[in-house]
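The structure presented is a predicted model; accordingly, all values stated were derived computationally and were not measured.
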Amino acid sequence: MRLLERKELNLTPIFLMGNAVLLTLLLLIEIINFSRIGKVANSKIPTLVELNDGESIRVSSISSDERSPQAITHFVGQTMMGLLSWNTVPQISNDYNVEPTKNLKLDSGVQAGDNKITTTVWATGFALSEDFRAPFLKEIGNLTPPNVFNGSTQSILKISWLSEPKKLRKGEWSINMIAEVIVFQASNMIGTPIAFNKTIFVRAIDTPALPNISSDFQQTAYHVRKAGLEIYKIQDLELSN
């Protein structure tokens, strides 16, 4: 008969207590998470964004391959005006100071095939898809009167109507335009109108961020393409009688 017996240590109560404490902590964490998620879900979606220059604008959340009808219409209108308004006289601004004793330096233009286009048209051309840009700019060069480059001829695109964008498929739309290219030559201040009725095909694109160190070409292309849209085809508009 042993006078002393070794008593075994029972760890089960300690384990149960530790488990209960751990579960209680996890429950408190879950309650806090649910509370915060509820606040986020019930909060209003921010629609006011402040730009670097201090201007505030209203925004809305859309898919990366969607664009609002207003954005598409604005892009098409601005792009077509840039492509078909020919003027080599420099615009006077704060960055361009004209000396009264010197003549204005006219735009010498950019070679596009056998003919020239204005620098503004060349820059606006970055709004076209790469497979469409070169042939279209060559066609613009064929249409541009040579006297544009001595300042005696100018043109403007007068848009009479732009339709609501029609969705063709995901991220692609078509829009109809009724317009006239009005050419002013020498003393002809009335101008000669040329009908330009087209169906314009547009698609959404991704616009990479501009590098901190970028060339003038990169900056020009980014400025034109930052709308996240490009024109990939232009065809004659079929007008029904």
So that I can tick it off, tell me whether Glu172 and Lys233 are bridged by a salt bridge, with the cut-off set at under 4.0 angstrom between side-chain N and carboxylate O. no

Transitive ILVMFWY cluster of Leu28, excluding itself - 4.5 Å side-chain cut-off: none

Testing the basics here: between Pro69 and Pro165, what is the closest heavy-atom pair and its distance to 0.1 Å? O-CG, 3.8 Å

With rounding to the nearest 0.5 angstrom, report the NZ to CD1 distance, Lys167 to Ile72. 9.0 Å

Quick one: is the NZ or CZ of Lys198 closer than 6.0 Å to the six-membered ring centre of Phe196, and within 45° of its axis? yes

Does Asn197 reach the main-chain N or O of Asp236 with its side chain, forming a donor-acceptor pair under 3.5 Å? no

Ser214 side chain vs Leu210 backbone, donor-acceptor pair below 3.5 Å: no

Do Glu230 and Arg203 sit within salt-bridge range, that is, some charged N less than 4.0 Å from a carboxylate O? yes

So, do Asn87 and Thr120 sit near enough that their side-chain heavy atoms are less than 4.5 Å apart? no

Heavy-atom side-chain proximity of Met177 to Ile200 below 4.5 angstrom: yes

Heavy-atom donor-acceptor pair, Glu30 side chain to Leu27 backbone, under 3.5 Å: no

Other residues, nucleotides and ligands only: do more than 12 of their heavy atoms fall within 6.0 Å of CG on Asn188? yes

Taking every heavy atom of Ala179 against every heavy atom of Leu157, the minimum-distance pair comes out as CB-CD1, 3.8 Å

Check the hydrophobic clustering (I, L, V, M, F, W, Y; side-chain heavy atoms under 4.5 Å; chains of links allowed) and say if Leu143 and Trp122 are grouped together. yes

Check the hydrophobic clustering (I, L, V, M, F, W, Y; side-chain heavy atoms under 4.5 Å; chains of links allowed) and say if Trp161 and Val181 are grouped together. no

Rounded to the nearest 0.5 Å, what's the gap from OG1 on Thr220 to CZ on Arg225? Could you check? 13.0 Å

Under 3.5 Å side-chain donor-acceptor pair for Thr119 and Asp107: yes

Test applied, side-chain contact (heavy atoms from CB on, under 4.5 Å); reference residue, Val76; option that passes from Val202, Asn176, Ile159, Leu229: Val202

When rounded to the nearest 0.5 angstrom, what distance separates CD1 in Ile117 from OG1 in Thr124? 9.0 Å

Nearest 0.5 angstrom please: Ile231 CD1 to Met80 CE, how far? 5.5 Å

Does Lys166, at its NZ atom, have more than 12 non-hydrogen atoms belonging to other residues, nucleotides or ligands within less than 6.0 Å? no

Measure the spacing between CG of Leu84 and CD1 of Ile182 and express it to the nearest 0.5 Å. 12.0 Å

Indicate yes or no: at least one non-hydrogen side-chain atom of Phe184 is less than 4.5 angstrom from one of Thr192. no

Does one hydrophobic cluster hold both Phe136 and Val110, with members joined at side-chain heavy-atom distances below 4.5 Å? yes

Enter the distance from Trp173:CH2 to Glu164:CD here, rounded to the nearest 0.5 Å. 13.0 Å

Determine, using the 4.5 Å side-chain heavy-atom cutoff (strictly less than), whether Met81 and Ile140 are members of one ILVMFWY cluster. yes

Is Phe149 linked to Val183 within one hydrophobic cluster, defined over Ile, Leu, Val, Met, Phe, Trp and Tyr using a side-chain heavy-atom separation of less than 4.5 Å? yes

Is Trp86 reaching over with its side chain to a backbone N or O of Leu83, donor-acceptor style, under 3.5 angstrom? yes

Using modelled atom types only, decide if a donor and an acceptor are shared between the side chain of Thr88 and the backbone of Val148 within a distance under 3.5 Å. yes

Applying salt bridge (charged side-chain N to carboxylate O under 4.0 Å, His left out) as the test, list every pair that has at least one member in residues 112-135; sequence neighbours left out. Glu130-Arg133

Check the pair His74, Gln70 against side chain to side chain contact (heavy atoms under 4.5 Å, CB included), reporting the backbone distance first and the verdict last. CA-CA 6 Å; His74 178 77; Gln70 295 83 357; over 6 Å; no

With side chains defined as the heavy atoms from C-beta onward, is the minimum distance between Thr199 and Ile234 less than 4.5 Å? no

State, with a plain yes or no, whether a side-chain heavy atom of Leu137 is found less than 4.5 Å away from one of Val121. yes

Where is the tightest heavy-atom contact between Arg67 and Ala227, given as atom of each residue plus distance? NE-O, 3.8 Å

Within a strict 4.5 Å, meaning less than it, do heavy atoms of the His223 and Phe126 side chains meet? no

